[in-house]
Number of protein chains: 2
Amino acid sequence: MTVPPNILIADDHPLFRIALKQATKLAFNSATVDEAGAIDDMLRLMAQGPAYDLLLLDLHMPGARGFSGLIYMRGQYPEIPVVVVSGNDQDKTIAKAMNHGASGFIPKSTDLPDMAQAIKTIINGAFWVPPDFSAGHENIQDEEMSIAETVAALTPQQFRVFTLLSEGMLNKQIAYEMGVAEGTVKAHVTAILKKFGAYNRGQLIIAAQRLEADEMPE
Amino acid sequence: MTVPPNILIADDHPLFRIALKQATKLAFNSATVDEAGAIDDMLRLMAQGPAYDLLLLDLHMPGARGFSGLIYMRGQYPEIPVVVVSGNDQDKTIAKAMNHGASGFIPKSTDLPDMAQAIKTIINGAFWVPPDFSAGHENIQDEEMSIAETVAALTPQQFRVFTLLSEGMLNKQIAYEMGVAEGTVKAHVTAILKKFGAYNRGQLIIAAQRLEADEMPE
DNA sequence: CTGTGCATATTGCTTAAGAAATAGGGGGTA
DNA sequence: TACCCCCTATTTCTTAAGCAATATGCACAG
């Protein structure tokens, strides 16, 4: 790891980004911290920014709800540890995140000193989960794991198309969001279909839904 | 209720239909029992068969996994009590089934005498859940409830199209399954889109996925 | 330096999806 | 009986989805 560490915070809630940044500074007061409020910003920073030593990732990011963002980042940057940050602190959600390659899980209800400790622990190469977490026998189903492997193997543009498509958007809308021609999106969709072994976009949407995290009890 | 009662068992597993039938006979030895191994059979029997006093419904029926079958039946035949039968006996699943209008929930691990007692209880107008069930504060999200209300308001053909469409099938395939022209399916899809306030079938699939029951831990 | 492979982007073509208008068939009600 | 409403089914027409072929740029091995 670089000293001081470079850390990327990806959360759509500005106030919570501030809190996470404070926790980070508490852990490493010389840390360099970048922030992303959406998946696209995160992807851009990962590609163009410094080599990050840690990614703090919210599960409810605009552009990739659920575990797809985590899975994709683990596929693209397997050497960068990812800490999942979420308001949903059910054991099942934590277990799933860890099984999908997270190095830690920080519930949003965690207080600042514990967050700092968690960040320290993980950046040093260990895992961290909430002290009251008790893992059951919650292994990920074969089918979900197969989907995850395919998501991890998508190219950056394919992943963006996949997430937008999964929200029910038309190719034309996706093209506008990405700033490319509709035909380009279609070509990406065709490539994605092949990777998933699917015959139409509906089946892609069904697959994507299986990577969603459960609803947060409000 | 008619005496002897008419009971319909809908489960895709033949062996389990036998067990349910035995439980039914144990509860009412003169009961008339019909069986359906798929949603289509169930719908046909409901439409053409006798007036049933009770429906025993599995959550994993071919043609309607999850709660959509329960929701639709409650919308179409609100006077007929439905008992959900499932291998998934998590409290969350039971709570959801009850909130979606079930009169009872029988885990597949229940023994025969208890099943018979459950059936007796429910056919007499009361509820029945497993003795070890403890309801949390698992209310159904507004969005899911809104989807459920729309599903309950679908016509029979629309419901069949909806379930097949939700599995990622093409209009042509749905038409073949239902024995109608592709154009007819398209007209149904258009009507369904309007009811849901959706703009394309992808959004229908997303909505349908929200009514799926959690995977069964195997 | 050069060829190879992959990601990205585009166009042209075929098939699927969706909207609109229309018609037949019960099931109610005056 | 006559009327109306809703479900179902169909055809026609426009738009969207998906496939095939192709070109550019970029990284990497020789």
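Every chain is numbered from 1, with letters handed out A, B, ... down the list of sequences.
B:M145 CE to B:D142 CG: the interatomic distance, rounded to the nearest 0.5 Å, is 8.5 Å. Of the inter-residue distances, the one linking B:Q76 atom CD with B:L154 atom CG reads 8.5 Å to the nearest 0.5 angstrom.
Taking atom CG of residue A:L154 and atom C1' of nucleotide C:dC6, one finds them 15 Å apart after rounding to whole Å. Distance A:I192 CD1 to D:dC19 P: 12 Å, rounded to the nearest Å. Taking atom CZ of B:R160 as the reference point, atom C1' of D:dA9 lies 14 Å away to the nearest angstrom. Note: NE2 (A:H188) to P (C:dC6) measures 16 Å, nearest angstrom. A:L204 has its CG atom 11 Å from the C1' atom of D:dG18, to the nearest Å. Distance, B:Y176 OH to D:dA9 P: 17 Å, rounded to whole Å.
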For nucleotides 15-22 of chain C, read 5' to 3', which letter fits each nucleotide if B means a protein heavy atom sits under 4.0 Å from the base, S means only the sugar-phosphate is that close, and - means neither? -SBBB---
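In this structure, B:Q157 reaches the D:dA9 phosphate: one of its side-chain N or O atoms is under 4.0 Å from OP1 or OP2. The side chain of A:T155 places no N or O atom within less than 4.0 Å of a non-bridging phosphate oxygen (OP1 or OP2) of C:dA7. The side chain of B:T184 contributes no N or O atom lying less than 4.0 Å from OP1 or OP2 of D:dT8.
For A:R160, the CZ atom sits in a packed shell: over 12 heavy atoms of surrounding residues, nucleotides or ligands are nearer than 6.0 Å.
Aromatic ring centroids of A:F162 and A:Y72 lie 6.0 Å or more apart.
A distance-only check finds no donor-acceptor pair linking the side chain of B:Q209 to the backbone of A:A207 [under 3.5 Å].
Results of the side chain to side chain contact (heavy atoms under 4.5 Å, CB included) test with B:I94 over B:N88, B:I106, B:V129, B:V84 single out B:V129 as the only residue that passes.
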